[in-house]
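Here the structure is laid out as structure tokens; the discussion comes afterwards.
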Amino acid sequence: MSYHVVAFTMAQVRKGALEFQRQLSAVLSDARELKVYSASPFDLDERRRIKDRFGGDIVYFFNDVAWQESQRLGLSLQFIAEIPDEQLPTRRTVVVGLPESRTRV
């Protein structure tokens with residue numbers, strides 16, 4: 001699975017760039033596989049590497065379902081890269097989507 005990358009500056013955030021979170025959250029009941037991640041706020045080294053790689057102050061990773069819903073809703077997001085799931089931050093936070101279950105086998 002691939003992930004689509006969006007990076008925002010703090011100026012963009014102050015101007016309302018995070019509105020996409022509310023809009024995508026509204027469709028979760030119809031798109032339960034939708035996920036948007038960011039690097040864990042506690043992993044400062046990883047956040048710095050991601051910032052150096054993609055630019056921006058805050059970087060989000062949209063799975064294919066989130067990307068498709070963003071397109072369908074006409075959200076004005078600038079996707080700057082597409083990466084395989086192996087390149088997602090190891091420690092990450094679900095920003096939009098249902099929490100992942102941690103079942104033990």
Side-chain angles (χ1 to χ4, degrees):
M1 177 181 289
S2 63
Y3 288 82
H4 308 268
V5 182
V6 175
F8 296 117
T9 64
M10 289 309 292
Q12 289 172 309
V13 170
R14 284 190 294 274
K15 291 180 181 178
L18 301 184
E19 174 66 17
F20 79 86
Q21 294 178 8
R22 186 185 64 77
Q23 293 169 310
L24 287 178
S25 292
V27 299
L28 277 174
S29 61
D30 296 325
R32 298 185 63 79
E33 297 300 315
L34 185 151
K35 298 273 192 228
V36 178
Y37 297 105
S38 70
S40 169
F42 304 107
D43 193 342
L44 300 180
D45 291 334
E46 182 71 15
R47 291 180 78 83
R48 188 173 16 265
R49 280 191 295 277
I50 289 169
K51 181 178 179 175
D52 291 345
R53 180 175 177 189
F54 297 111
D57 297 305
I58 302 172
V59 179
Y60 293 101
F61 304 92
F62 289 60
N63 72 359
D64 288 331
V65 175
W67 179 80
Q68 290 167 359
E69 285 298 316
S70 297
Q71 301 300 307
R72 187 183 69 76
L73 293 169
L75 302 182
S76 58
L77 297 170
Q78 184 178 1
F79 293 95
I80 58 172
E82 186 174 340
I83 63 169
D85 57 352
E86 302 87 43
Q87 293 180 15
L88 278 176
T90 305
R91 294 178 62 198
R92 58 187 175 261
T93 300
V94 176
V95 177
V96 180
L98 300 174
E100 298 170 354
S101 64
R102 296 184 184 234
T103 57
R104 295 186 189 257
V105 179

Can you confirm whether Leu98 sits close enough to Arg32 that some side-chain heavy atom of one is under 4.5 Å from a side-chain heavy atom of the other? yes
Distance check, rounded to the nearest 0.5 Å: Phe79 atom CZ versus Trp67 atom CH2? 8.0 Å
Any chance you could measure Leu34, atom CG, to Gln68, atom CD, to the nearest 0.5 Å? 10.0 Å
Check which hydrophobic residues are tied to Phe54 through side-chain heavy-atom contacts below 4.5 Å, counting indirect links as well, and list them. Met1, Tyr3, Val5, Tyr37, Ile50, Val59, Phe61, Ile80, Ile83, Leu88, Val94
Atom pair NZ/CZ of Lys15 and Phe8 - distance to nearest 0.5 Å: 13.0 Å
Side-chain contact, heavy-atom cut-off 4.5 Å: Arg53 with Gln87? yes
Restricting to non-hydrogen atoms, name the atom on Thr93 and the atom on Ser40 that form the minimum distance, rounded to 0.1 Å. OG1-CA, 3.7 Å
Which residues share a side chain to side chain contact (heavy atoms under 4.5 Å, CB included) with Leu75, sequence neighbours left out: Phe20, Gln23, Leu24, Ser70, Leu73, Leu77
When rounded to the nearest 0.5 Å, the distance separating CZ of Arg49 from CG of Leu44 is 10.5 Å
Tell me if a side-chain donor or acceptor on Arg47 pairs with a main-chain N or O of Ala39 at a distance below 3.5 Å. yes
Is it true that Arg48 and Asp45 make a salt bridge, defined as a side-chain N closer than 4.0 Å to a carboxylate O? yes
Calculate, to the nearest 0.5 Å, the distance between atoms CD and CG belonging to Gln12 and Asp57 respectively. 9.0 Å
Find out whether Ile58 and Met10 are in side-chain contact, i.e. whether some heavy atom of one side chain is under 4.5 Å from a heavy atom of the other. yes
Considering all heavy atoms, the nearest Lys35-Ala66 contact: O-CB, 3.5 Å
Scan residues 74-83 for pairs that pass side chain to side chain donor-acceptor pair (under 3.5 Å), counting only residues two or more places apart or in two chains. Ser2-Glu82
